[in-house]
Number of protein chains: 2
Amino acid sequence: MSVAHTGVTPQVHGGPCGDDDCGIREVLDRIGDRWSVLVLVELAKGVRRFRELERAIPGISQRMLTVTTRRLCRDGMVERTAHPTVPPQVEYRLTPMGESLAGAVRALADWSRDHRDAVGEARAKWDAEGGATP
Amino acid sequence: MSVAHTGVTPQVHGGPCGDDDCGIREVLDRIGDRWSVLVLVELAKGVRRFRELERAIPGISQRMLTVTTRRLCRDGMVERTAHPTVPPQVEYRLTPMGESLAGAVRALADWSRDHRDAVGEARAKWDAEGGATP
DNA sequence: CCGGATCCATGATGATACTG
DNA sequence: CAGTATCATCATGGATCCGG
């Protein structure tokens, strides 16, 4: 893709993928989209309001923030608290399970940071050689 | 992209994550697609040939397997060895970096299995309540 | 401020047929 | 066996307008 999307919800085409899956697709179907992890990481820093999340995550649109938070709520990762004030005030915070997931995600992020350069080199090499295998 | 959020709040997990997205998007842009992790997990079991991978991953098409393995090769996760025999014989194996990534992915898969039920319940509850905020 | 609803562009994926 | 090529499809996500 440049991995832009990847279904967040199980696609209609999804295959059986029985036990070979290791359940890995389960998570990726939830956080593999463009924004979920970013919201997760931001909320791991503390309680946030809608507008705060929007400002903290450059490039996200109102719609995608709504869609993403809602999805995370549905999956039990995020808790939403609306105060009936004027103007409206809504707070988002991670549930214990959400915190747990954020921790697991952070491990992967650490891996990414540690190997960023190596991946870049491998890619540059591949591109320079035109995809051959010398 | 630079982060614009106002203040860095104390970390919940102790990990700094101070910059931007912690680089988490970097990995997800590589393995967040539908097939990469499945190929990764299968190759973590040992060397595989093209057909073997195809059979081991239900639902993947020839094209997507080609695209996916090639991408993993380009990023330095997989090594491709073609034997000039008849019929052709091509072997794929993880590089050390690929093994490393597979390990990190396995951790996430473990999380997934451990919380599968909890997520299912949360989702069922949400759906039953029509997305309300009880 | 916090969204919901709609239209639309894009790109990942799938199906199928064809080579070496 | 191990791909390559081409076309069709459909979710994802962006833009925008509207309402509470």
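Throughout, a chain's letter reflects where its sequence line sits, starting with A, and its residues are numbered from 1.
- The side-chain heavy atoms of B/Val90 and B/Thr81, taken from C-beta on, include no pair separated by under 4.5 Å.
- Dashed line: the shortest gap from a side-chain N or O of B/Arg63 to OP1 or OP2 of C/dG14 is not under 4.0 Å.
- Which of D/dT4, C/dG14, C/dG3 sits closest to the side chain of B/Gln62 comes down to D/dT4.
- Atom CD of A/Glu54 is separated from atom C1' of C/dG3 by 10 Å (rounded to the nearest Å).
- Look at B/Arg106 and B/Asp110 and you find no salt bridge, because none of the NZ, NE, NH1 or NH2 atoms lies under 4.0 Å from a carboxylate O.
- The CG atom of B/Leu65 sits 13 Å away from the C1' atom of D/dT4 (whole-angstrom rounding).
- B/Arg80 contributes no side-chain N or O that, together with a main-chain N or O of B/Arg70, makes up a donor-acceptor pair within less than 3.5 Å.
- Rounded to an integer number of Å, the gap from CG of B/Asp29 to C1' of C/dG11 is 14 Å.
- Between the side chain of A/Arg113 and the main chain of A/Ala109, no donor-acceptor pair closer than 3.5 Å is present.
- If you measure from atom NE2 of B/His83 to atom P of D/dA2, you get 11 Å, rounded to the nearest angstrom.
- Of the candidates C/dC1, D/dG3, C/dT13, C/dT13 carries the atom nearest the B/Asp33 side chain, counting heavy atoms from C-beta on.
- At least one side-chain nitrogen or oxygen of B/Arg80 sits closer than 4.0 Å to the OP1 or OP2 atom of D/dG3.
- The side chain of B/Tyr92 places no N or O atom within less than 4.0 Å of a non-bridging phosphate oxygen (OP1 or OP2) of D/dC1.
- Contact annotation: A/Arg34 does not reach the phosphate of D/dG13 (side-chain N/O to OP1 or OP2, under 4.0 Å).
- OP1 or OP2 of C/dG4 sits under 4.0 Å from a side-chain N or O of A/Arg70.
- With DNA chain D read from its 5' end, the first of the two nearest nucleotides for A/Met64 and A/Pro88 is the one closest to A/Met64.
- As rounded to whole Å, 14 Å separates atom C1' of C/dG20 from atom CZ of B/Phe50.
- Note: CD1 (B/Ile57) to P (C/dT13) measures 13 Å, nearest angstrom.
- Not a single donor-acceptor pair under 3.5 Å links the side chain of B/Ser100 to the backbone N or O of B/Pro96.
- Between A/Gln89 and B/Ile60, the residue anchored closer to the 5' end of DNA chain C is A/Gln89, taking for each the nucleotide with the nearest heavy atom.
- Between the P atom of C/dG3 and the CZ atom of A/Arg71 lies a distance of 15 Å, rounded to the nearest Å.
- The residue A/Thr66 sits close only to the backbone: its heavy atoms come under 4.0 Å of sugar-phosphate atoms, none of a base.
- The side chain of B/Val90 has D/dA2 as its nearest neighbour among D/dA2, D/dT4, C/dC1.
- Atom CG in B/Leu38 sits about 15 Å away from atom C1' in C/dA12, given to the nearest Å.
- For B/Arg49, counting side-chain heavy atoms from C-beta on, the closest listed nucleotide (C/dC2, D/dC1, C/dT13) is D/dC1.
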